[in-house]
Amino acid sequence: MTMSDDILLNVADPGASARFYAGLLGRRPVDAGPDHAVFLLAPGRTLSLWRGRGGAQVDVRMAAPAVVDQLHIDWWDRGARIVLPPSDMDCGHGFVARDPDGNCLRVYAA
């Protein structure tokens, strides 16, 4: 059995969520339809948005605290709802944002 690094999030409106994530990621989905949108994050790694109920947490590990701080600024400027600004957490230096469906996005550098 192989483990996947793909991220799957349930969202109420895949089109609206695709626009939100396109703004955060600075790219368009590679596949989209009325019930889904898929973004390529890295070779072999995707973010899939499927119609459903939200409420997941996604942890995004970055290389360094300075990268976390810059990403916080970028996401803030792009309209992300920041619920915890950059600070020292148990996992390292990071921040927490929420997408329009309430999915929690924790970005950190250990």
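Linking ILVMFWY residues whenever their side-chain heavy atoms come closer than 4.5 Å, directly or via other members, leaves V107 and L84 in distinct clusters. By the criterion of side-chain heavy atoms lying less than 4.5 angstrom apart, applied directly or through intervening Ile, Leu, Val, Met, Phe, Trp or Tyr residues, V96 is not grouped with L105; the two fall into different hydrophobic clusters. Residues L40 and I7 do not share a hydrophobic cluster, clusters being chains of Ile/Leu/Val/Met/Phe/Trp/Tyr side chains in contact below 4.5 Å. Grouping the Ile, Leu, Val, Met, Phe, Trp and Tyr side chains by contacts below 4.5 angstrom, directly or via other members, places W76 apart from V83. Two different hydrophobic clusters hold M89 and V60 under the rule that ILVMFWY side chains link at heavy-atom gaps under 4.5 Å.
Looking at residues two or more places apart in sequence or on another chain, you find a side chain to side chain contact (heavy atoms under 4.5 Å, CB included) between L8 and S48, W50. Annotation: side-chain hydrogen bond (donor to acceptor under 3.5 Å, both in side chains) contacts of D69 (sequence neighbours excluded): H93.
To the nearest 0.5 angstrom, R51 atom CZ is 9.5 Å from S17 atom OG. In this structure, T46 OG1 and L41 CG are separated by 6.5 Å, a value rounded to the nearest 0.5 Å. We find the CD-CE distance between Q70 and M62 to be 10.5 Å, quoted to the nearest 0.5 Å. Between atom CZ of residue R53 and atom CG of residue L9 there is a gap of 15.0 Å, rounded to the nearest 0.5 Å. The CG atom of L71 lies 8.0 Å from the CG atom of L24; values are rounded to the nearest 0.5 Å.
Contact of the F39 side chain with the R27 side chain is registered, since non-hydrogen atoms from C-beta on lie closer than 4.5 Å. Between Y108 and C91, the closest side-chain pair of non-hydrogen atoms falls below 4.5 Å. Counting heavy atoms from C-beta on, the side chains of D6 and R45 come closer than 4.5 Å. Within the 4.5 Å cutoff, the side chain of L47 has no heavy atoms near those of the V38 side chain. Taking the side chain as every heavy atom from C-beta outward, R106 and Q57 approach each other to under 4.5 Å.
In this structure, D101 contributes its side chain and A12 its backbone to a donor-acceptor pair below 3.5 Å. At least one donor-acceptor pair closer than 3.5 Å links the side chain of N103 to the backbone N or O of N10. Of the possible donor and acceptor atoms, none in the side chain of R81 sits under 3.5 Å from a partner among the backbone N and O of R98.
Of all heavy-atom pairs between A109 and P65, the closest is CB-N, 3.5 Å. Residues F20 and A80 come closest through the heavy atom pair CE1-CA, 4.0 Å.
Side-chain contact, Y21 with D99: a donor N or O sits under 3.5 Å from an acceptor N or O.
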